[in-house]
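Quick notes on the structure that follows.
In listed order, ligands and their atoms are each counted from 1. Keep in mind the model is a prediction, meaning the values are calculated, not measured.
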Amino acid sequence: MSPLVSIEHISHSFGSSRALDDVSLSLPPDSYTVLLGPSGSGKTTLLSILGGFLGPEQGRVLIKGQDCTAMAPAKRPTATVFQDYALFPHMSIGANVGFGLRMKGVAKAERDARASAMLDVVGLAASFERKPHQLSGGQRQRVALARALIVEPAVLLLDEPLGALDLKLRRQMQDELKAIQKRVGTAFIHVTHDQEEAMALADHVVVMNHGRIEDQGAPERVYARPATRFTATFMGESTILSGTTANGMIDTPLGRFPAASDASHVAIRPEHVSLGGAIAAEVTDVVYQGAFKRVTARANGVDLLARLPAETRVLQGERMMLSIDAPHVIVLKD
Ligand code: ATP
């Protein structure tokens with residue numbers, strides 16, 4: 001399938017600070033892509049370049065095969081949803097949603113009908129006549145989404161769209177966003193620094209660090225087989241061990257594991273550490289998290305993170321024996 005969006009060798013600096021460094025990315029139609037990375041990694045800069053709010057110093061953006069690099073935001077087949085919603089407070093919800101059509105010269109009767117239909121898609125059919133201040137934060141977010149989708153963009157850009165919502169509403173809106181994206185079939189590109197949000201939403205996750213792409217792919221693959229040490233720690237938790245390789249194995253302070261000769265580290269996910277085994281450890285921290293206990297244990301000079309069943313009786317300072325599920329150990333080259 002030919003890509004809907006092709007980002008080719010994009011670089012951009014602000015003064016002496018390199019915000020994006022030779023970023024290339026291809027995204028298929030109908031995909032839900034999440035740009036994930038810590039603060040300052042370049043996510044918003046990349047989204048702004050996609051939306052046309054910023055021209056890159058180097059590189060090209062192609063959407064549906066057309067070079068959009070120098071095209072104004074309104075001329076591109078994109079629409080953007082910002083974190084602060086940016087609704088017009090004096091306009092009704094219906095008028096807010098229909099605003100993009102008004103700008104395109106669509107007559108009132110048609111834009112009202114289409115705004116109504118779009119409000120139905122986001123579950124707010126009954127709110128057409130209301131004003132933004134009469135809605136909750138989650139509802140306002142859905143209005144912002146409807147307003148962006150009504151112009152039928154090929155790509156919808158979302159910049160931390162759930163950042164202003166509390167955790168419960170955020171999780172609920174994640175489910176809704178994903179369902180709406182499947183319903184309308186538009187490609188979504190969504191910026192967040194929340195790795196749980198990335199895993200919940202993405203068909204394709206792009207992990208960014210210092211203006212570069214560290215890893216990208218299906219979230220299941222990126223979590224289970226991260227390409228770099230940064231990804232292994234940013235997308236979920238891990239214990240990272242350094243080691244030396246010989247004869248197809250890597251030797252670490254907590255055991256030997258199969259590895260290619262260029263391996264330098266392993267990452268161990270906490271759910272792959274179990275009670276019982278040959279690793280003698282002293283518990284240094286226990287955090288009860290409802291569904292499980294997050295335990296840190298010192299073993300052979302290393303702090304090993306384990307996710308143990310919630311009913312495990314374990315106290316700080318106790319000694320315990322642990323094992324590592326070798327087939328799930330992640331071998332890293334950097
Ligand atoms: P956050 O999650 O905090 O929004 P981000 O990953 O979106 O971060 P960007 O906002 O793209 O990161 O910023 C990337 C780098 O570029 C940072 O070092 C930032 O300080 C710098 N930067 C971004 N915008 C500007 C600007 N307008 N002027 C100067 N520096 C900027």
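- If you number the atoms of ligand 1 from 1 as listed, the ones under 4.0 Å from a heavy atom of P38 come out as 6 (O).
- Distance remark: protein heavy atom not present below 4.0 angstrom from atom 19 (C) of ligand 1.
- One side chain, T69 or D67, offers a donor N or O that lies under 3.5 Å from an acceptor on the other.
- At least one N or O atom of T45 sits closer than 3.5 Å to an N or O atom of ligand 1.
- Salt bridge status for K178 with D203: present, with a side-chain N to carboxylate O gap under 4.0 Å.
- The hydrophobic clustering, which links ILVMFWY residues whose side-chain heavy atoms are closer than 4.5 Å, places L62 and I10 apart.
- The protein atom (non-hydrogen) at minimum distance from atom 23 (C) of ligand 1 is F14 CE1, 3.4 Å.
- Contact between G15 and ligand 1 is absent, with no heavy atom of the residue lying under 4.0 Å from the ligand.
- Between G42 and ligand 1, at least one N/O pair is under 3.5 Å apart.
- Ranking protein heavy atoms by distance to atom 14 (C) of ligand 1, first place goes to G40 O, 3.5 Å.
- Q58 and H9 are not linked by any side-chain donor-acceptor pair at a separation below 3.5 angstrom, with hydrogens and angles left out of the test.
- Checked by distance only, ligand 1 and E160 stay at 3.5 Å or farther apart across all their nitrogen or oxygen atoms.
- For atom 1 (P) of ligand 1, the nearest protein heavy atom lies under 4.0 Å away.
- Distances between N or O atoms of G37 and those of ligand 1 include no value under 3.5 Å.
- Nearest to atom 6 (O) of ligand 1 among the protein's heavy atoms is K43 NZ, 2.8 Å.
- Remark: minimum distance from atom 3 (O) of ligand 1 to any protein heavy atom is reached at S39 OG, 2.5 Å.
- With a 4.5 Å cut-off on side-chain heavy atoms, T312 and V286 do not count as touching.
- Under 4.0 Å is where a charged nitrogen must lie from a carboxylate oxygen, and between E237 and R307 no such pair does.
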